[in-house]
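Right, one structure below, let's go through it.
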Protein chains: 2
Amino acid sequence: MKDSSKRTRGRPKAWGDKDQQNTIKSLDRALEVLVALGDMGGGTLSEIAVALDQSPATVYRVLSTFQGRGFADFDEQSQVWNIGAAAFLTGSQFLRRTSLAERARPIMRELMEATGETANLGIERDGKVLFLGQVETNATIRAFFPPGTASAMHSSGIGKALLSRMDDTRQRQVLAAGKLEQFTPHTLTDPEAMIADLHTTKARGYAIDGEERNLGMRCIAAPVYNVYGEAVAGISVSGPTTRITEDRITILAQSVMEAADRLTRAIGGNGRPAG
Amino acid sequence: MKDSSKRTRGRPKAWGDKDQQNTIKSLDRALEVLVALGDMGGGTLSEIAVALDQSPATVYRVLSTFQGRGFADFDEQSQVWNIGAAAFLTGSQFLRRTSLAERARPIMRELMEATGETANLGIERDGKVLFLGQVETNATIRAFFPPGTASAMHSSGIGKALLSRMDDTRQRQVLAAGKLEQFTPHTLTDPEAMIADLHTTKARGYAIDGEERNLGMRCIAAPVYNVYGEAVAGISVSGPTTRITEDRITILAQSVMEAADRLTRAIGGNGRPAG
DNA sequence: AAAGCTATTTCATAATATGAAAAATTCAAA
DNA sequence: TTTGAATTTTTCATATTATGAAATAGCTTT
């Protein structure tokens, strides 16, 4: 049904001036109801009306309409409204779309621009970190991880960010399998030291690879979560210790975490409820 | 946020007489757009407007409004509209209700790790199997059922596991409705053959989908029971025939059944007293 | 450079969404 | 049992606003 011969047409980014007001008010309010219904995990008509400060009559009609299309369910017994199966079905079509890597691209670009360092994206695969993509800095001296590279979890920023969010069982499993090979004098090879580092990482919200894989190279990484709050990917910046200095780490980490949060939201992910 | 002291009030099942007309027209049409967008897997403005026989101007405003709340995404590059992350997020709240999916998550993960194959969770809805979630294997070749997919009962492992636990009446009802469409040479299209297969399945405790839906793909599924001993969900592993070989089936089935039992217990379910 | 698409915006108008209040019903208390 | 309070659903008059046609502005192709 799709005709791939179509390309960009039409009107540009800004004509009038700024953001026009071409949203439909009633629809917008209706969506507000649906979102609220989801956020509060169901509720009775009056609860919802009060929460949104809208007329019960309107909310009632909105919910009835949603119900007509299966976007909302109404339990006669308890008089409680809930998100319906159709909302799940339609919403799930979101997953069929572009990959993590594609969604990450613009976010990584901005991260690179904000920090001036190469931005990386990686996931865990078979106990290793698989690099899915990167956006390189313009600086002449720069880190380079070709996409498709697989490297050890324990000596990578993204790897440690992911590890820090696994439960103890999985953690030990991965660490045992990999044997904590020593790459530089800074590599953490002692399992207990590694576990301690992971605890710090988890509490801090981001991981630091301080020359643990390559001498002279630092990396700051934060985890990206899926809808179930599981850490499924990591995003990082990496560069030479001469530019990523000790005192810049905190600042850079803010950008990295912000990018990770944005990507989490872009893939429909969920904060971080999982312990 | 919920006040459990509230109970049933208000007006009953039928007052006026039959179904009243208290749906909001514009909202209903907007939902039509969203559903179409999902069904057709994205599309350009004119494609959607034509498909729905609506004014481009209106469709544009509807989509813009959805975009404002994140229910739709617009890719400037390709001028293509798609279902957005917020639709997925809100729609996913549907799962929280049963909490089945939530409880299943860790169990599915362990099942995946034990078997090395993708683990799936599904329920029956409107005579079809609705996939609620999955945990993917790390293997590069793998089965992929996006959550939200609805597929035919008779050609799915989970579907057959559920069918095998229904009484004859419901069984024939569902099978009659679906017409046993043939997907591969292995699909069971003869009702009697299907009934026989279901008897075997019930006695055995797990269902096998041997390339009945997709050539080269096998699936092993077991039912999950609620408090009344009714089969309300199914849990399965699926993968290529090259890995899920004939002689591994018995072993894998043990893991699947164990996972199903654990999930049954996790949702307060009851062994299998029913029929 | 012009013609031909397609996406946006504007605008006048009719459609319809809306809140207030009434009606219908159930729950709890007297 | 009766009464009253709470809550959902409907009706109705009205103003809001959603809507399509047509105009506008960018692209793409000729």
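Only heavy atoms go into these numbers, but all of them, side chains included; no hydrogens, no water, no symmetry mates. Below, chain A is the first sequence line, B the second, and so on; all start at residue 1.
- Nearest to the side chain of A:S55, among C:dT6, C:dG19, D:dT8, sits C:dG19.
- Distance, B:D28 CG to C:dA15 P: 19 Å, rounded to whole Å.
- A salt bridge is defined here as a Lys NZ or Arg NE, NH1 or NH2 lying under 4.0 Å from an Asp or Glu carboxylate O, and B:R165 with B:E124 fails to meet this definition.
- In this structure, B:D53 atom CG and D:dT19 atom P are separated by 14 Å, rounded to whole Å.
- Rounded to an integer number of Å, the gap from A:R61 CZ to D:dT8 P is 14 Å.
- Minimum interatomic distance between A:L100 and A:L263 (heavy atoms only, all atoms of both residues): CD1-CD2, 4.4 Å.
- Taking atom CG of B:L27 as the reference point, atom C1' of C:dT18 lies 14 Å away to the nearest angstrom.
- B:I24 has its CD1 atom 10 Å from the P atom of C:dG19, to the nearest Å.
- Between B:R29 and D:dT19 there is a side-chain N or O to OP1 or OP2 distance below 4.0 Å.
- Taking only side-chain nitrogens and oxygens, A:S64 never comes nearer than 4.0 Å to OP1 or OP2 of D:dT9.
- Taking each heavy atom of A:L162 and A:G234 in turn, the nearest pair found is CD2-N, 4.3 Å.
- Between B:W81 and B:Y60, the angle of the ring planes goes over 60°, which puts this pair in the perpendicular group of the 30/60° scheme.
- Here the side chain of B:A57 is nearest to one of C:dT9, C:dT16, D:dT10, namely C:dT9.
- Here the P atom of nucleotide C:dA15 and the NZ atom of A:K25 are 22 Å apart, to the nearest Å.
- Residue B:Y60 has its side chain nearest to C:dT9 when only C:dT9, C:dT16, D:dT7 are considered.
- Between the CG atom of B:N22 and the P atom of C:dG19 there is a distance of 16 Å, rounded to whole Å.
- In this structure, a donor-acceptor pair under 3.5 Å is present between the side chains of A:S236 and A:N120.
- Close to C:dC5, at under 4.0 Å from its OP1 or OP2, lies no side-chain N or O of B:S46.
- Between the CG atom of A:L63 and the P atom of D:dT7 there is a distance of 16 Å, rounded to whole Å.
- Comparing A:V59 and B:F74 against DNA chain C, the residue whose closest nucleotide sits nearer the 5' end is B:F74.
- Residue B:S26 is in sugar-phosphate contact alone, with no base atom involved, counting any heavy-atom pair closer than 4.0 Å across all strands shown.
- Nearest nucleotide to the B:L45 side chain, out of D:dT7, D:dT19, C:dT8: C:dT8.
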